[in-house]
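One structure is given here, and the rest of the page talks about it.
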Amino acid sequence: MALIFYSPINPADVWEAELKKHLPELDFRRWEAPGDKSEIDMALCWKPPPGGLAKFPNLKVIFSLAAGIDSLTADPALPDVPIVRMVEPSLTAGVAEYVLLHVLRHHKDQPRFAEQQKARIWQEHFAPPAWTRRVGLLGLGAIGAEAARMLVAVGFEVAGWSRTQKHLADVTSYFGPDQLDGFLARSDILVCLLPKTRQTDGILNAALFAKLPQGASLINAGRGDQLIEDDLLAALDSGQLSQATLDVFATEPLPPAHPFWAHPRITVTPHSAGDPFAASAARVVAENIRRFRAGQPLPHLYDRKAGY
Ligand code: NDP
Ligand code: OXD
């Protein structure tokens with residue numbers, strides 16, 4: 001039996017070589033040359049064309065190249081097989097580093113200094129110490145927990161909001177819809193690391209922004225559909241929000257005419273907060289393939305009921 005690979009961004013030759021270091025016998029097939037489709041029982045992919053995976057009649061498992069599996073589950077013809085999310089050290093660390101970088105930029109008012117530099121303005125602004133800055137993480141899962149750990153190490157006052165209660169060192173846990181408002185009221189820098197689900201779509205909206213301290217800032221590395229774009233622009237205009245850093249968008253690539261590109265208080269990055277580095281992630285995927293072949297339980301399975 002064989003594995004079919006598809007990704008518009010992850011190079012197939014690199015992934016084949018890295019996987020074969022751990023599984024030399026692996027029958028690795030590329031999307032453009034799948035051979036006999038009935039021999040494919042595993043898929044490793046990111047954003048496959050809709051309906052594409054339905055063409056493999058004996059598919060038994062999907063290994064996602066991404067942590068978020070919404071691009072897979074958006075396919076109405078997706079085979080009803082287990083989906084293993086990508087949870088591996090380089091992706092987790094990469095997104096957590098992104099969060100740390102942009103929290104520090106917001107904390108130290110770096111976008112304002114960048115604007116001042118363009119205009120050759122020499123003006124100091126004093127940032128309070130990190131331990132007085134309250135960072136709030138929406139989503140305290142595999143990535144949120146690591147981002148929290150890094151932020152705590154720098155000295156920020158960190159809280160997270162999740163569906164279920166967490167017990168992480170020096171991180172205040174808020175959970176469930178009832179505790180969202182209390183979490184927001186204490187979040188000077190709000191970071192979104194939520195998966196895209198029916199419950200989280202549109203969660204970053206005017207009502208939520210109004211519950212943050214005035215002048216709070218936003219970092220969204222979750223999914224673009226979680227943000228109501230016009231509400232963000234209005235909150236920046238009114239001063240309710242001071243700045244935003246966005247890595248994910250409802251339409252990707254972000255269209256050239258989109259107002260976010262030129263907004264003085266929005267930083268845009270092209271869905272690049274983190275990616276699985278093949279040499280690291282292939283080790284995890286290979287182990288999951290071994291587990292699948294041995295009929296052992298698979299980790300980080302997509303939970304259809306929870307939606308992530
Ligand atoms: P996890 O599933 O490990 O964590 C998700 C977190 O969100 C959990 O803490 C979960 O709560 C919480 N959550 C989900 N739904 C709700 C809800 N309705 N209310 C409150 N909390 C909720 O995922 P990862 O940490 O691995 O990844 C998170 C997301 O980050 C991905 O789905 C993807 O969208 C995004 N991502 C973005 C990347 C980028 O490059 N921009 C790269 C990688 C990921 P609980 O713990 O209780 O289950
Ligand atoms: C994602 C990823 O889910 O890159 O965005 O892993």
Side-chain angles (χ1 to χ4, degrees), residues 7-10 44-47 63-74 83-99 101-102 136-150 158-168 171 173-184 187 190-204 208 218-227 245-250 252-254 267-278 280-281 284-285 299-308:
S7 172
I9 53 170
N10 308 89
L44 174 60
C45 52
W46 161 246
K47 292 196 173 169
F63 300 108
S64 170
L65 281 163
I69 45 66
D70 44 284
S71 74
L72 292 167
T73 55
I83 303 173
V84 181
R85 300 190 316 105
M86 180 61 81
V87 178
E88 66 81 29
S90 71
L91 175 61
T92 301
V95 183
E97 286 164 9
Y98 178 93
V99 170
L101 167 70
H102 291 282
L137 299 164
L138 287 166
L140 214 43
I143 294 171
E146 177 59 6
R149 191 193 64 77
M150 287 188 186
V158 181
W161 181 71
S162 43
R163 229 161 40 98
T164 55
Q165 187 169 18
K166 304 290 168 201
H167 302 280
L168 300 173
V171 179
S173 168
Y174 293 78
F175 57 100
D178 295 349
Q179 295 191 10
L180 180 58
D181 288 5
F183 163 83
L184 294 171
S187 294
L190 182 71
V191 181
C192 182
L193 290 169
L194 289 167
K196 175 179 161 56
T197 67
R198 272 201 292 277
Q199 288 74 31
T200 65
D201 274 352
I203 191 170
L204 302 173
L208 178 141
L218 172 71
I219 296 167
N220 187 17
R223 281 291 181 264
D225 287 341
Q226 289 156 353
L227 175 68
T245 294
L246 308 173
D247 187 52
V248 287
F249 303 89
E252 296 182 2
L254 188 64
T267 300
V268 169
T269 54
H271 199 144
S272 56
D275 284 306
F277 183 53
S280 163
V284 171
V285 174
H300 307 297
L301 283 174
Y302 163 59
D303 174 344
R304 285 185 162 67
K305 193 153 165 259
Y308 63 98

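Only this structure's heavy atoms are used, side chains among them; waters, hydrogens and symmetry mates stay out. Ligands are counted one by one from 1 in listed order, and the atoms in each one are counted from 1 as well.
Partners of S7 under the side-chain contact (heavy atoms from CB on, under 4.5 Å) rule, at least two apart in sequence or in another chain, are F5, I9, N10, W46, L65.
Contact atoms of ligand 1 toward A67: 26 (O), 43 (C), 44 (C) (distance under 4.0 Å to a heavy atom of the residue). Residue T164 approaches ligand 1 through these ligand atoms, each under 4.0 Å from one of its heavy atoms: 45 (P), 46 (O), 47 (O). Applying the 4.0 Å criterion to heavy atoms of G139 picks out, from ligand 1, the atoms 6 (C), 7 (O), 9 (O). When each atom of ligand 1 is checked for a heavy atom of A273 under 4.0 Å away, the hits are 39 (C), 40 (O), 41 (N). Under a 4.0 Å criterion applied to the non-hydrogen atoms of V95, ligand 1 contributes the atoms 42 (C), 43 (C). Here is the list of ligand 1 atoms found below 4.0 Å of a heavy atom in H271: 39 (C), 40 (O), 41 (N). The contact set between ligand 1 and Q199, taken as ligand atoms under 4.0 Å from a residue heavy atom, comprises 18 (N).
Contacts of Y308 with ligand 1, taken as heavy-atom pairs under 4.0 Å, involve the side chain alone. For L193, every heavy-atom contact with ligand 1 shorter than 4.0 Å involves the backbone, none the side chain. Under 4.0 Å from ligand 1, the heavy atoms of V248 that appear belong solely to its side chain.
The closest donor-acceptor contact from the side chain of T269 to the backbone of S272 lies at 3.5 Å or more, if one exists at all. Under the 3.5 Å distance criterion, the side-chain polar atoms of R223 are left unmatched by any main-chain donor or acceptor of P195. Between the Q226 side chain and the L194 main chain, a donor and an acceptor come within less than 3.5 Å of each other. Judged by distance alone, with hydrogens and angles left aside, the side-chain atoms of Q179 form no donor-acceptor pair with the main-chain N or O of G176 at under 3.5 Å.
By the 3.5 Å distance cut-off applied to N or O atoms, L140 is counted among the residues near ligand 1. Remark: ligand 1 and D247 share an N or O pair separated by less than 3.5 Å (distance only, no angle test). The shortest N or O to N or O distance between R163 and ligand 1 is below 3.5 Å. Residue T200 has no nitrogen or oxygen atom sitting less than 3.5 Å from a nitrogen or oxygen atom of ligand 1, judged on distance alone. Considering backbone and side-chain atoms together, K166 places an N or O closer than 3.5 Å to an N or O of ligand 1. Considering backbone and side-chain N/O atoms, A142 comes within less than 3.5 Å of an N/O atom of ligand 1. Residue contacts with ligand 1: G222 is placed with a nitrogen or oxygen under 3.5 Å of a nitrogen or oxygen of the ligand (distance criterion only).
With a 4.5 Å cut-off on side-chain heavy atoms, L301 and V84 count as touching. Annotation: side chain of V285 is in contact with side chain of M86 (closest heavy-atom distance under 4.5 Å). The side-chain heavy atoms of V87 and V284, taken from C-beta on, include no pair separated by under 4.5 Å. Here the side chains of Y98 and I219 are in contact, with some heavy-atom distance below 4.5 Å. Two residues are said to be in side-chain contact when any heavy atoms from C-beta on lie closer than 4.5 Å; Y308 and T73 fail this criterion.
For atom 22 (C) of ligand 1, the closest heavy atom belonging to the protein is L194 CD2, 3.6 Å. Protein heavy atom at the shortest distance from atom 19 (N) of ligand 1 is W161 CH2, 3.2 Å. Closest to atom 27 (O) of ligand 1 among all protein heavy atoms lies I143 CD1, 3.7 Å. Remark: minimum distance from atom 4 (O) of ligand 1 to any protein heavy atom is reached at G141 CA, 3.2 Å. Of the protein's non-hydrogen atoms, the one nearest atom 5 (C) of ligand 1 is P195 CD, 3.7 Å.
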* Could you check E88 against S280 for side chain to side chain donor-acceptor pair (under 3.5 Å), going step by step and ending with a plain yes or no? => CA-CA 7 Å; E88 66 81 29; S280 163; 2.5 Å; yes
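Ligand 1 lies out of reach of M86, whose nearest heavy atom is not under 4.0 Å from it. The closest approach between T197 and ligand 1 stays at or above 4.0 Å for every heavy atom of the residue.
Rounded to the nearest 0.5 angstrom, T92 OG1 and E97 CD are separated by 10.5 Å. A distance of 8.5 Å separates CG in D181 from CG in L208, rounded to the nearest 0.5 Å. Atom CZ of F175 and atom OG1 of T164 lie 8.5 Å apart (nearest 0.5 Å). If you take CG on L72 and CZ on F63, they are separated by 12.5 Å, rounding to the nearest 0.5 Å. With rounding to the nearest 0.5 angstrom, the OH atom of Y174 is 12.5 Å from the CG atom of L137.
In terms of heavy atoms, S173 sits closest to K166 at OG-N, 3.0 Å. Taking each heavy atom of D247 and A273 in turn, the nearest pair found is OD2-N, 2.9 Å.
Counting only non-hydrogen atoms, the option in G68, A221, P276 that gets closest to atom 35 (C) of ligand 1 is A221. Taking only non-hydrogen atoms, the option from R223, E88, R85, R198 nearest to atom 26 (O) of ligand 1 is R85.
Atom CZ of F277 is surrounded by 12 or fewer heavy atoms from other residues, nucleotides or ligands within 6.0 Å.
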Hey, what polar pairs (N/O, under 3.5 Å) does ligand 2 make with protein?
| unit_1 | atom_1 | unit_2 | atom_2 | d |
| --- | --- | --- | --- | --- |
| ligand 2 | 3 (O) | A67 | N | 3.4 |
| ligand 2 | 3 (O) | G68 | N | 2.8 |
| ligand 2 | 3 (O) | R223 | NH2 | 2.7 |
| ligand 2 | 5 (O) | R223 | NH1 | 2.9 |
| ligand 2 | 5 (O) | R223 | NH2 | 3.1 |
| ligand 2 | 5 (O) | H271 | NE2 | 2.7 |
| ligand 2 | 6 (O) | A67 | N | 2.8 |

